[in-house]
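Nothing here was measured: the structure is a model prediction, and the numbers come from that model. Position 1 is the first residue of the sequence; numbering continues from there.
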Amino acid sequence: MYKILIVEDDRVIGEEVTKHLMKWGYEVHQVKDFTQVTEEFLVIGPHLVLMDIGLPFFNGYYWCTEIRKKSKVPIIFLSSASDSMNIVMAMNMGADDFITKPFELEVLAAKVQAMLRRTYDFIEECTELEHRGVILNLADATLVLGNDKIKLTKNEFLMLQILFEHKGKVVAREEIMKKLWDTDYFIDDNTLTVNMGRVRKKLEEMGLRDFITTKKGLGYILENE
């Protein structure tokens with residue numbers, strides 16, 4: 001299920017968009033604290049962001065720039081400030097599309113669907129994910145580096161898959177636990193730590209020390225450098 005983050009301070013618009021996109025089967029979240037947009041983005045790990053320009057504290061351009069420092073996730077601006085200067089500025093700041101308010105909810109949903117399809121369909125079609133010369137084989141749940149190839153357990157494979165799919169981005173511990181155990185019931189946080197330790201041990205056996213970086217209080221990341 002694709003996750004969408006809405007950064008919109010107009011509660012009426014936010015609720016209308018949320019309800020409509022949920023009907024399309026999306027998991028939708030609305031930013032609650034407009035001083036902590038980046039933090040909420042990292043915790044939720046959305047596949048797409050809908051961003052207003054006029055926001056409390058900092059405008060949408062600022063938050064788009066901050067998100068772009070950490071992720072290439074698609075960002076669509078929603079704004080009544082639809083003059084050419086604002087549209088050009090949005091694109092220069094890293095936006096992928098611009099929808100003028102007021103808009104038809106069906107048109108918004110169609111644009112969201114098209115953006116997600118263009119961005120993520122290739123992930124579903126490919127059989128390998130690569131990061132810094134390391135290949136995660138999706139067909140047989142193996143990890144390959146040069147001539148070395150190791151078999152992964154189900155949990156090891158799922159943890160690496162979500163990290164490879166979001167390489168260069170912090171993946172929240174909650175997101176990894178949800179992928180591993182697919183439940184809303186409480187899972188002891190230490191269980192994930194133990195599983196991550198096992199993955200790291202296998203990586204170290206291949207000479208991949210510090211391949212996975214811990215971001216204290218946030219989660220884990222495969223850093224680009």
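Between Tyr62 and Phe57, a ring centre-to-centre spacing not shorter than 6.0 Å is recorded. Aromatic pair His47/Tyr26: ring centres not closer than 6.0 Å.
The hydrophobic clustering, which links ILVMFWY residues whose side-chain heavy atoms are closer than 4.5 Å, places Leu138 and Ile135 apart. Val88 and Tyr61 end up in different hydrophobic clusters when Ile, Leu, Val, Met, Phe, Trp and Tyr side chains are linked at under 4.5 Å. Ile4 and Val43 are assigned to two separate hydrophobic clusters, defined by single-linkage of ILVMFWY side chains at heavy-atom distances under 4.5 Å. In the hydrophobic clustering of this structure, Leu136 does not group with Val144; members are Ile, Leu, Val, Met, Phe, Trp, Tyr whose side-chain heavy atoms approach within less than 4.5 Å, directly or through other members. Linking ILVMFWY residues whenever their side-chain heavy atoms come closer than 4.5 Å, directly or via other members, places Ile162 and Leu160 in the same cluster.
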Query - Phe58 and Phe34: CA distance, side-chain angles, deciding distance, ring pair (Phe, Tyr, Trp, His ring centres under 6.0 Å) verdict - result: CA-CA 8 Å; Phe58 301 98; Phe34 289 96; over 10 Å; no

Report task. Could you walk me through whether Leu108 and His20 pass the side-chain contact (heavy atoms from CB on, under 4.5 Å) test, one step at a time? Result -> CA-CA 9 Å; Leu108 171 65; His20 190 75; over 6 Å; no

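With respect to Lys151 and Asp140, no salt bridge is recorded, no charged nitrogen being found less than 4.0 Å from a carboxylate O. The pair Lys179-Glu174 does not meet the salt-bridge criterion, since no charged nitrogen lies less than 4.0 angstrom from a carboxylate oxygen. For Lys23 and Glu106, the salt-bridge test fails: no basic side-chain N is under 4.0 Å from an acidic carboxylate O. Salt-bridge formation is not detected for the pair Glu16/Arg11: no Lys NZ or Arg NE/NH1/NH2 atom is positioned less than 4.0 Å from an Asp or Glu carboxylate oxygen.
Glu156 is linked by a side-chain contact (heavy atoms from CB on, under 4.5 Å) to Leu152, Thr153, Arg198, Val199, Lys202, counting only residues two or more places apart in sequence or in another chain. Partners of Met206 according to the side-chain contact (heavy atoms from CB on, under 4.5 Å) rule, which considers only residues two or more places apart in sequence or in another chain, are Leu143, Leu145, Asp148, Ile150, Leu208.
Counting only distance, with no hydrogens or angles, the side chain of His131 and the backbone of Glu223 share a donor-acceptor pair below 3.5 Å. A donor-acceptor pair is defined here as one N or O able to donate and one able to accept, closer than 3.5 Å; such a pair exists between the side chain of Glu130 and the backbone of Gly133. When atom types are taken as modelled, the side chain of Asn59 and the backbone of Ile53 share no donor-acceptor pair closer than 3.5 angstrom.
Side-chain contact between Val31 and Ile6 is absent, with no heavy-atom pair separated by less than 4.5 Å.
For the residue pair Glu66/Thr38, the side-chain donor-acceptor check at 3.5 Å is not satisfied. In this model, no donor atom of one side chain and acceptor atom of the other lie less than 3.5 Å apart for Thr214 and Arg173.
Lys167 NZ: more than 12 foreign heavy atoms inside a 6.0 Å radius.
One distance of note links CE of Met91 with CG of Asp97; it measures 5.5 Å at 0.5 Å rounding. Interatomic distance, CZ of Phe164 versus CZ of Phe157, reported as 10.5 Å (0.5 Å rounding). Between Thr65 atom OG1 and Trp63 atom CH2 the span is 11.0 Å, to the nearest 0.5 Å.
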